[in-house]
Undergrad: 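Take this structure, written in structure tokens, and hold onto it; I'll ask about it next.
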Amino acid sequence: MTLDWKRLHGTWQQEWREDRVFQVDVEDYSKKKYFITTPYPYMSGLLHLGHLFTYMAPEATARFKRMQGHNVLFKFAFHCTGTPIVAAAQRVKEGEPTQIATLHKMGIAQSEIPKFSNPEYWCEYFPKENLKDLHNLGFVIDDQYTFKTTYLDPTYDKFVTWQFNKLHQLGYVTKGKHPVMWCPKDNVPVGDHDRAEGEGETPKDFIWIKYRLKHSDLILMTGTTRPDALLGQTNLWIDPHGKYKVVEIHSVNDQTEKWVVGEAVIQKICDQCDPKVKILRDIDVHELIGKWVQGPVVGGAREELYTLPAGFIDSKVGSGLVYSALEDPVDLFELRKIQSDKKLLDSFHLDHATVTKLKPIPIISVEEMGEDLGDSIGKEFNITSADQKEKLEEAKGELNRRVYRKGIMRESCGKYGGMNIPTCQEAIKKDLLQEGDAVMFWEPTGKVVCRCLTPCIVKVVSNQWFLEYDNPEWKKITHECLDMLTLYPEKIRKQFDYVLDWLQHWACTREFGLGTKLPWDHEWVIESLSDSTLQMAYCTIAKYLEHPKEYGLHVEHLNDAFFDYVFLGQGSVAEVEKSTKITRVMVEKMRHDFEYWYPVDFRNSAKDLLQNHLAFCLFNHTALFPKKHWPKAYVLNGRIMVNNEKMSKSKGNFFTIRELYEKYTADIIRLTAANAGEGVEDANYDLTFLETARNKLEDVYEFACGHYNKGRSGAEMLSIDVWFENMINTCVEAATQSMENMLFKSAVQAGFMNMQRHLKWYTRRTHGNYNKKVINHFIETQLKLLVPFTPHFCEETWHTIGKKTYISNESWPVAGHIDSRAMLTEELLEQTMSDISEVLKLAKTEKVETVTLFVADTWKYDAFKKIGEELERTREFKEIMGSMMKEEEFKKYSGELTKLIPKFVKVGSVGTATSQPFELKVLYDAVTFLEREFSCSIVVVRGEDNTHAKARGAMPGKVGILVE
RNA sequence: GCGGAUGUGUCGGAGUGGUCAAACGAGCUACCUUGAGGGGGUAGUGGCUUAGUGCCUGCGCAGGUUCGAACCCUGUCUUCCGCACCA
């Protein structure tokens with residue numbers, strides 16, 4: 001008998017729908033509630049295995065909490081704001097083949113493809129399709145509450161508008177500028193996902209330092225990432241073949257300055273510093289080389305430096321010129337080369353004496369590297385000339401690493417002395433900026449190319465709006481919120497703490513993309529990680545807001561006052577009624593619903609949202625809501641692997657929920673997902689377990705149908721029946737604990753695997769002659785424990801055995817009293833059986849007729865008990881032996897005890913010693929069973945009644961065995 | 001570099017100071033089930049030894065604390081993840 005899985009899924013989904021089993025209404029505001037949310041998925045495609053894994057947590061919890069008698073709201077929504085959908089639509093428009101192939105793979109017909117060149121169509125198509133998939137999985141989502149983000153949902157749009165007005169009023173949104181990777185062709189910032197090349201590369205500050213040319217108003221700009229090296233500056237380098245220009249800058253400290261920079265970098269000034277930069281004239285390198293310049297103030301007076309030509313300088317990099325610090329091997333070897341090149345010196349009319357005098361100034365000490373770092377690393381890399389460019393670069397990299405990690409500024413560096421390098425760099429940077437001796441610039445950490453194949457640049461965006469997550473007060477109160485938050489697993493708290501501190505201001509607006517317009521500056525669209533941080537509040541009343549006609553709402557009249565009242569209790573209901581034209585009763589109803597559902601009891605996601613969304617969510621809650629409405633618990637999970645490989649489209653192990661459902665059906669893929677892993681480590685979706693899961697479930701079905709209401713009736717409980725009851729209780733207890741702690745794999749293990757294992761043993765012991773009451777209890781409990789994972793299957797089986805209710809609405813089982821003594825019977829028996837097998841193997845007897853089991857002498861049980869007590873007190877052999885010998889009963893066994901006690905002392909315990917009558921009874925009761933198992937006759941004998949060596953060797957819990 | 005995590009059998013993974021380390025799942029081996037090609041069952045699966053209650057070795061590596069450590073401490077190495085303006 002096999003199950004028709006497809007059919008049973010359809011059947012029960014329909015039944016649930018028709019009977020509105022999972023429709024959520026608040027009728028009784030005193031009923032305990034449980035509010036579950038999960039970050040909504042992004043609608044750039046169909047949901048996949050990763051979603052299934054993450055969403056199994058809220059789904060299983062929702063069903064579990066329902067069965068425990070909570071009114072549960074598991075809200076779901078679809079995320080459409082942001083840029084990826086727009087970018088993808090654009091690619092469709094351009095006919096980009098991989099994008100179109102992706103759509104084909106999701107089952108979209110060629111004729112439909114053109115529709116996807118419109119971003120709004122994605123927002124229409126995918127939420128609909130994905131909701132279908134979620135229903136197919138049997139998720140307990142109530143459609144009344146689902147919605148999609150963006151302006152396409154006008155009420156949601158109003159809500160985000162309210163949220164940002166609030167944050168703005170509180171002073172948490174400010175305007176500023178910051179550097180971004182930028183595509184000069186598209187004129188937009190280029191995020192990691194929009195790049196053809198250069199994922200993970202970011203702008204790195206590359207400070208430009210001013211050197212004033214003597215007897216002139218010109219300033220030579222030198223770029224560097226190592227401001228610390230400034231303390232060892234010796235000269236300036238100019239590219240003798242470079243093209244340099246004089247430009248006029250307006251916006252630095254409200255003053256006008258004339259800069260000398262490489263021709264090729266003027267655009268950079270335009271992008272990052274002064275968009276109105278004016279080019280004054282060309283300047284010949286001879287005007288720049290062999291001159292004196294005044295450096296910045298670092299730790300004392302301005303120093304005067306000489307300018308020199310250098311072969312390695314490229315006028316297109318940085319600012320086009322650099323200062324020289326001879327701890328750098330590149331600088332050092334270049335200088336040595338010049339010093340020995342008379343012809344070169346003369347061609348630039350350089351002062352020989354000045355050049356000859358130049359030598360390294362030690363500023364940093366690195367362990368085991370001596371005074372002169374440049375020379376020392378040069379020797380290590382066997383460098384002899386400035387022409388060994390590759391080796392020099394390598395040496396420079398290695399030296400930089402060592403300096404950064406281990407270097408300490410020498411005491412000669414004045415106030416910077418003793419600092420490590422990162423600290424020193426920050427300090428110098430700050431001082432330079434304060435003195436007006438430097439300007440901040442940025443360079444990409446590596447090459448970045450836009451999807452449109454244009455190389456990207458760094459641009460400083462001004463007029464950008466930020467959420468001030470670096471506000472110390474806000475941070476402090478959000479830390480408080482984190483301290484109150486329950487985390488599953490708890491060990492991620494450290495990481496979370498760090499993230500809250502690490503977060504800086506967050507650019508919360510975009511120039512393009514889908515989303516809500518910034519209410520007070522319509523040029524900007526609210527960015528998609530910023531518009532989703534408070535929507536859990538919206539969810540509580542989404543049922544009304546998403547169906548305005550039904551509930552007499554007028555979307556166009558919705559306003560901030562409405563949300564102020566419903567969410568914060570601010571203002572008066574009369575005013576809200578007046579301005580929104582919503583009836584007072586309706587407004588109050590929504591306020592009550594919100595007050596009922598909030599706070600969020602459970603929010604989960606994969607761990608990659610920790611450092612943005614989950615953290616933002618806390619910040620936004622602490623900003624707007626009182627403590628009682630802060631989130632209660634976060635559940636984090638790892639990424640999903642498939643057969644221990646990363647899931648990826650290129651590896652061919654990428655699965656959408658839809659295709660898995662088609663192939664295996666919902667319950668099986670759900671169970672496999674729950675069994676894939678738990679906690680924050682990466683989980684493994686085991687494709688072979690899909691088969692195992694189906695086979696095991698079919699076993700459960702067959703067993704339930706074949707044995708429900710059958711078996712021994714009457715009140716008699718055999719010891720094995722008692723044991724089995726105990727094991728059921730143990731499993732219920734463990735499964736419940738696991739569900740409470742969000743450990744779903746453990747819950748499957750306890751509630752399914754272990755239940756089945758114990759059933760096997762029970763079957764073997766009773767030879768299939770079950771106690772009716774016990775087996776019914778088992779079958780019902782087994783099904784209930786599986787409901788969170790395989791609800792359709794459970795309904796089907798539940799009804800097949802004759803139940804009329806929905807098992808989804810049944811109560812979660814409660815563990816009865818667990819009697820640890822009842823377990824000992826089977827432990828003893830299993831130990832005995834395993835020993836008999838061992839002996840039989842070793843006996844090499846042709847045919848075994850009788851196995852005699854000797855139960856230990858009575859005194860041994862007493863001795864074990866006594867030794868056990870002694871061990872609680874001491875580990876000294878002498879002491880234990882001493883107190884044993886005080887007892888008359890044990891005196892005559894001193895020989896045996898001398899051998900036994902040292903072993904127990906070593907182990908620290910005597911194990912579980914019961915009593916002779918107990919062991920005798922267990923074995924007598926099991927004689928029939930043992931005879932069947934070993935196909936021979938079994939005799940049980942008291943130790944005292946026999947003098948055989950095997951009888952003497954018997955110990956409590958370990959019978960003596962004689963095979964004949 | 002900074003921060004977090006991780007390291008146990010053929011594999012996924014239990015076990016966080018105490019009787020036996022490897023539960024549970026998977027794989028493999030043998031046998032049984034004549035529903036004998038993806039089903040079910042039993043036994044085995046670090047090494048040695050043995051008519052069983054034994055010994056040795058073993059939880060990344062090296063030390064330490066303890067009567068006792070996979071678990072606590074110190075150091076070290078491996079692997080993975082994050083370091084943002086992006087969902």
Side-chain angles (χ1 to χ4, degrees), chain A residues 2 39 41-42 44 79 81-85 178-181 189-195 200 202-203 401 404-405 421-422 461 464 466-467 491-499 501-510 527-530 532 607-613 638-639 641 643-644 675-677 680-684 686 688-689 691-693 695-696 698-699 745-746 748-750 752-754 757 760 763-764 831 834-845 868 871 874-876 903-912 933 950 953-955 957-963:
Chain A
T2 47
Y42 197 69
S44 55
H79 201 190
T81 62
T83 55
I85 287 177
H178 84 290
V180 291
M181 294 310 304
V190 180
D192 258 358
H193 294 282
D194 302 320
R195 294 176 188 176
T202 56
R401 263 191 298 281
Y404 197 81
R405 256 165 54 181
I421 306 308
V461 179
Q464 172 65 266
F466 293 100
L467 282 166
K491 71 177 171 192
I492 54 165
R493 188 175 296 280
K494 257 186 170 174
Q495 175 101 4
F496 229 125
D497 250 316
Y498 179 81
V499 164
D501 287 328
W502 162 82
L503 274 168
Q504 295 297 306
H505 61 194
W506 178 268
C508 62
T509 53
R510 288 291 98 83
E527 172 269 340
S528 104
L529 279 174
S530 300
S532 54
K607 60 185 167 188
D608 31 339
L609 290 190
L610 191 152
Q611 65 268 10
N612 43 58
H613 172 80
R639 298 182 146 262
M641 315 265 276
N643 288 349
N644 272 316
N675 191 53
V680 81
E681 278 94 56
D682 289 348
N684 182 33
D686 185 351
T688 60
F689 187 80
E691 303 293 343
T692 308
N695 291 332
K696 282 189 189 295
E698 285 180 355
D699 284 351
K745 181 173 181 161
S746 299
V748 170
Q749 188 136 141
F752 183 35
M753 307 294 188
N754 287 348
R757 195 160 49 90
K760 257 186 210 170
T763 302
R764 197 168 156 192
Q831 181 65 58
S834 129
D835 287 345
I836 295 173
S837 305
E838 284 296 316
V839 177
L840 287 177
K841 225 188 298 172
L842 294 164
K844 289 168 193 132
T845 316
L871 280 172
T874 178
R875 299 279 171 163
E876 287 298 320
K903 282 182 196 164
F904 293 137
V905 168
K906 195 177 164 195
V907 170
S909 157
V910 291
T912 44
E933 287 284 320
K950 291 297 164 194
M955 289 291 157
K958 203 87 183 166
V959 298
I961 297 161
L962 178 64
V963 174

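All values derive from a computational prediction rather than experimental measurement. Numbers restart at 1 for each chain; the letters A, B, ... are given by sequence-line order, proteins then strands. FYI, side chains are in, hydrogens and waters are out, and symmetry mates aren't considered; it's all heavy atoms of this structure.
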Undergrad: What does A:Gly638 touch in the nucleic acid at a heavy-atom separation under 4.0 angstrom: a base, only the sugar-phosphate, or nothing?
TA: nothing
Undergrad: Which nucleotide sits closest to the side chain of A:Asn695: B:rG39, B:rG12, B:rA84?
TA: B:rG39
Undergrad: Nearest to the side chain of A:Gln495, heavy atoms from C-beta on, is which of B:rG4, B:rG38, B:rA87?
TA: B:rG4
Undergrad: With the side chain of A:Leu529 defined as its heavy atoms from C-beta on, choose the nearest nucleotide among B:rG41, B:rA87, B:rA43.
TA: B:rA87
Undergrad: Quick test: give all pairs of protein nitrogen or oxygen and nucleotides 5-11 of chain B nitrogen or oxygen below 3.5 Å, distance rounded to 0.1 Å.
TA:
{"residue": "B:rU6", "atom": "OP1", "partner": "A:Lys491", "partner atom": "NZ", "Å": "3.1"}

Undergrad: Can you identify which nucleotide, out of B:rA26, B:rG40, B:rG82, has its nearest atom closest to the A:Gln611 side chain?
TA: B:rG82
Undergrad: Taking any strand in view, what nucleotide pairs with B:rG1 in a Watson-Crick or G-U wobble way, both distances under 3.5 Å?
TA: B:rC83
Undergrad: Using atom NZ of A:Lys760 as one end and atom C1' of B:rG40 as the other, report the distance to the nearest whole Å.
TA: 9 Å
Undergrad: Glycosidic conformation of B:rG47, syn or anti, with 90° from 0 as the boundary?
TA: anti
Undergrad: So A:Gln504, base contact, sugar-phosphate only, or nothing? Heavy-atom distance under 4.0 Å.
TA: base
Undergrad: Rounded to whole angstrom units, what separation is found between the CD atom of A:Gln749 and the P atom of B:rG12?
TA: 16 Å
Undergrad: Looking only at the side chain of A:Lys745 (C-beta and beyond, no hydrogens), which of the listed nucleotides B:rG12, B:rA84, B:rG39 gets closest?
TA: B:rG12
Undergrad: Output the single nucleotide from B:rG3, B:rC85, B:rA43 whose closest atom is nearest the side chain of A:Arg764.
TA: B:rA43
